[in-house]
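A note on names: the letters A, B, ... follow the listed sequences, proteins ahead of strands, and every chain is numbered from 1. As a basis for the values below, the full set of heavy atoms in this structure was taken, side chains included, without hydrogen atoms, waters or symmetry mates.
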Amino acid sequence: AQSVTQLGSHVSVSEGALVLLRCNYSSSVPPYLFWYVQYPNQGLQLLLKYTSAATLVKGINGFEAEFKKSETSFHLTKPSAHMSDAAEYFCAVIHTGTASKLTFGTGTRLQVTL
Amino acid sequence: KAGVTQTPRYLIKTRGQQVTLSCSPISGHRSVSWYQQTPGQGLQFLFEYFSETQRNKGNFPGRFSGRQFSNSRSEMNVSTLELGDSALYLCASSTRQGSTEAFFGQGTRLTVV
C-alpha cells in the first residue's frame, strides 16, 4: 500500500532561514504526491502537487518540492521563512488508478522564530 | 466561488448519542470525501461519495456512515458515540471521482463527553 513518512514532527527555523520539511514515500508505482498546510482550527489547503510532470513543483506562498525517485523523496522547501508560515504541514499520496483517497503523513509542525 | 462548507463548526455530544455532520461541496464538484483527524491517529480516510454512491471506504466501524444527495451535498452520521470519536471531521470536494485535487472545508470539531 502507498504510504508517506514525514521525518520530524516539529521543525523550528528563524525568520528568513531556509525551510526544509522532509517526506519520503513508499510506492511500487509512480505516485501522486501532495503537500497540504493546516493553520490552527482550519481545514487543509493544498500547497502543491506532483503528478508525474515536472520533478520540481512550485506551489503557493513561495514553497516548492522536488520529486526524487532515486531517494523516494518529496521534500518541501522555502528559501526564506516568514512568521506567517507557522502551521502544520502534511505530505500525502494517492495511487494512480484509484479513487481520490489521500493517505497522509503524520504531519510536521513548523515554528518560525524571530 | 464559495468553498467547501461544513456545518456545524463545533459540536458537543454525549456518549451513546448519534450525530450528523453536513458538507456542501464547491459548486460543480461531484465527489465528496470525509476524513477524521485526531492527535493520536492523524488524518484518516473515512469514505468517498460520487454520484450518490459510496465509491471507497476506509477502515472504520459500521457506526460511521454517510450519504450523498443529488445536489452533491453529503452527510456523515456517527451512531452510538464513543469518547474516541472526538475529532476534527474534514470534508473534501473534487470535480470528479479520481481527481487529483481535493479542496477541504474548515471541518467540524466534534467533542464527545
Original post:
Between Gln44(B) and chain A, which part of the residue has a heavy atom less than 4.5 Å away: side chain, backbone, both or neither?
Top reply: neither
Original post:
Can you tell me if CZ on Arg15(B) sees more than 12 non-hydrogen neighbours from other groups inside 6.0 Å?
Top reply: no
Original post:
Counting heavy-atom pairs under 4.5 Å to chain B, which of Thr103(A), Asn41(A), Thr51(A) comes out on top?
Top reply: Asn41(A)
Subject >> Segment of Thr106(A) engaging chain B (4.5 angstrom heavy-atom cut-off) >> reply: neither
Original post:
Shared ILVMFWY cluster between Trp34(B) and Phe34(A), side chains joined below 4.5 angstrom?
Top reply: no
Original post:
Contact part of Leu43(B) toward chain A, heavy-atom cut-off under 4.5 Å: side chain, backbone, both or neither?
Top reply: both
Subject >> Heavy atoms from other residues, nucleotides or ligands near CD1 of Ile12(B) exceed 12 (cutoff 6.0 Å) >> reply: no
Original post:
Do Tyr39(A) and Tyr10(B) belong together in a cluster built from hydrophobic side chains that touch within less than 4.5 Å?
Top reply: no
**OP:** Verify, without hydrogens or angle tests, whether Tyr35(B) (side chain) and Leu102(A) (backbone) share a donor-acceptor contact under 3.5 angstrom.
**Re:** yes
Original post:
If Ile, Leu, Val, Met, Phe, Trp and Tyr residues are connected whenever their side-chain heavy atoms lie under 4.5 Å apart, and connections chain through other members, are Phe67(A) and Ile60(A) in the same group?
Top reply: yes
Subject >> Same cluster (ILVMFWY, side-chain, under 4.5 Å), Leu46(B) and Ile94(A) >> reply: no
Original post:
Got Glu48(B) and Lys101(A) here, is their nearest side-chain heavy-atom distance under 4.5 Å?
Top reply: no
Original post:
Any idea which of Phe50(B), Phe104(B), Phe103(B) has the most non-hydrogen atom pairs under 4.5 angstrom with chain A?
Top reply: Phe104(B)
**OP:** Pick one of side chain, backbone, both or neither for Gln38(A), based on which atoms fall under 4.5 Å of a heavy atom in chain B.
**Re:** side chain
Subject >> More than 12 heavy atoms from other groups under 6.0 Å of CZ on Arg73(B) >> reply: yes
**OP:** Against chain B, label Leu44(A) side chain, backbone, both or neither, depending on which of its atoms sit under 4.5 Å from a heavy atom there.
**Re:** both
